[in-house]
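Everything below concerns the one structure shown next.
FYI, the numbering just counts along the sequence from 1.
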Amino acid sequence: VQLQASGGGLVQAGGSLRLSCAASGRTFSNYATGWFRQAQGKEREFVGRISWTGGSTYYADFAKGRFTISRDNAKNTVTLQMNSLKPEDTAVYYCAAGRYYTNRAAEYDYWGQGTQVTVSS
């Protein structure tokens with residue numbers, strides 16, 4: 001599976017961004033998808049995940065109530081809608097696909113290239 005993340009940019013605090021992860025190659029519906037982020041100088045951290053069919057999602061505490069993950073397997077895309085953004089959300093955001101529905105980055109098999117999100121105060 002090849003993943004392409006897009007939709008990042010510069011937004012003011014309180015604003016919104018929608019990130020997309022487009023997949024190609026193998027059957028996307030066979031893979032759970034996770035979003036991760038990495039701020040400069042920090043380790044990569046889990047943001048949220050969505051199951052193979054989209055019927056289940058799970059979020060990191062900082063994302064609950066502000067971020068929403070959805071997927072459209074017919075279009076081979078997963079979306080991360082981010083609202084009420086804060087400066088501390090500034091990071092490179094990555095999508096990942098894997099056989100397991102997990103928070104652990106090491107268990108994802110395929111990664112997109114990342115897209116930069118910058119939130120100004």
Side-chain angles (χ1 to χ4, degrees):
V1 176
Q2 292 78 44
L3 302 176
Q4 179 77 33
S6 62
L10 174 64
V11 64
Q12 289 187 333
S16 298
L17 278 176
R18 179 187 294 263
L19 306 185
S20 293
C21 180
S24 60
R26 298 183 180 183
T27 304
F28 190 48
S29 59
N30 289 343
Y31 298 91
T33 303
W35 285 94
F36 295 80
R37 69 183 188 183
Q38 187 166 18
Q40 191 170 7
K42 296 187 177 181
E43 293 187 353
R44 188 171 298 189
E45 67 175 340
F46 170 76
V47 174
R49 54 182 161 95
I50 188 165
S51 62
W52 305 264
T53 62
S56 179
T57 55
Y58 182 83
Y59 301 94
D61 285 345
F62 66 80
K64 291 177 181 176
R66 298 192 299 130
F67 294 2
T68 302
I69 300 173
S70 59
R71 71 187 296 159
D72 185 341
N73 285 335
K75 296 182 178 180
N76 288 345
T77 59
V78 172
T79 298
L80 174 63
Q81 176 68 43
M82 304 187 293
N83 299 327
S84 302
L85 284 163
K86 305 174 182 180
E88 52 264 42
D89 294 319
T90 296
V92 177
Y93 283 72
Y94 299 88
C95 59
R99 294 163 291 172
Y100 303 106
Y101 183 51
T102 177
N103 295 1
R104 300 182 60 182
E107 296 186 16
Y108 284 87
D109 302 306
Y110 306 99
W111 290 81
Q113 85 288 1
T115 184
Q116 176 70 47
V117 171
T118 303
V119 184
S120 63
S121 58

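The minimum heavy-atom distance linking Ser121 with Pro87 is given by the pair CB-CG, 3.8 Å. Summarising the geometry of Leu3 relative to Gln113, their closest heavy-atom pair is O-OE1, 3.9 Å, with the distance given to 0.1 Å. Between Gln116 and Thr90, the shortest heavy-atom contact is NE2-CG2, 4.0 Å. Arg66 approaches Leu85 most closely through the heavy-atom pair NH1-CA, 3.9 Å. Residues Trp35 and Val78 share a closest heavy-atom pair of NE1-CG1, 3.5 Å. Nearest heavy atom pair, residue Ala60 against residue Phe46, reads CB-O, 3.4 Å.
For the atom pair Arg44 CZ and Arg37 CZ, the distance stands at 13.0 Å (nearest 0.5 Å). With rounding to the nearest 0.5 Å, the separation of CD1 in Ile69 from CZ in Arg49 is 9.5 Å. If you take CZ on Phe28 and SG on Cys21, they are separated by 5.5 Å, rounding to the nearest 0.5 Å. Met82 contributes atom CE, which lies 5.0 Å from atom CG of Leu80 (distance to the nearest 0.5 angstrom). Taking OH of Tyr110 as the start and CZ of Arg99 as the end, the distance is 7.5 Å to the nearest 0.5 Å. Atom-to-atom distance recorded for Gln12:CD and Thr118:OG1 is 13.0 Å, nearest 0.5 angstrom.
Listed for the Tyr100 side chain is no donor-acceptor partner under 3.5 Å among the backbone atoms of Ala32. No side-chain donor-acceptor contact under 3.5 Å links Tyr31 to the backbone of Val1. The closest donor-acceptor contact from the side chain of Arg71 to the backbone of Ser51 lies under 3.5 Å. In terms of modelled atom types and a separation under 3.5 Å, the side chain of Asn76 and the main chain of Gly25 share no donor-acceptor contact.
Electrostatic pairing of Lys64 and Asp61 counts as a salt bridge here, judged by a charged N lying under 4.0 Å from a carboxylate O.
There is a path of hydrophobic side-chain contacts, each under 4.5 Å, that joins Tyr58 to Tyr94. Hydrophobic clustering (side-chain heavy atoms under 4.5 Å, transitive across Ile, Leu, Val, Met, Phe, Trp, Tyr) keeps Tyr59 apart from Trp52.
Between Tyr108 and Phe36, the two ring planes are perpendicular [angle over 60°; tilted spans 30° to 60°]. Ring geometry for Phe67 against Phe62 counts as perpendicular: the plane angle is over 60°, on a 0 to 90° scale with 30° as the lower cut.
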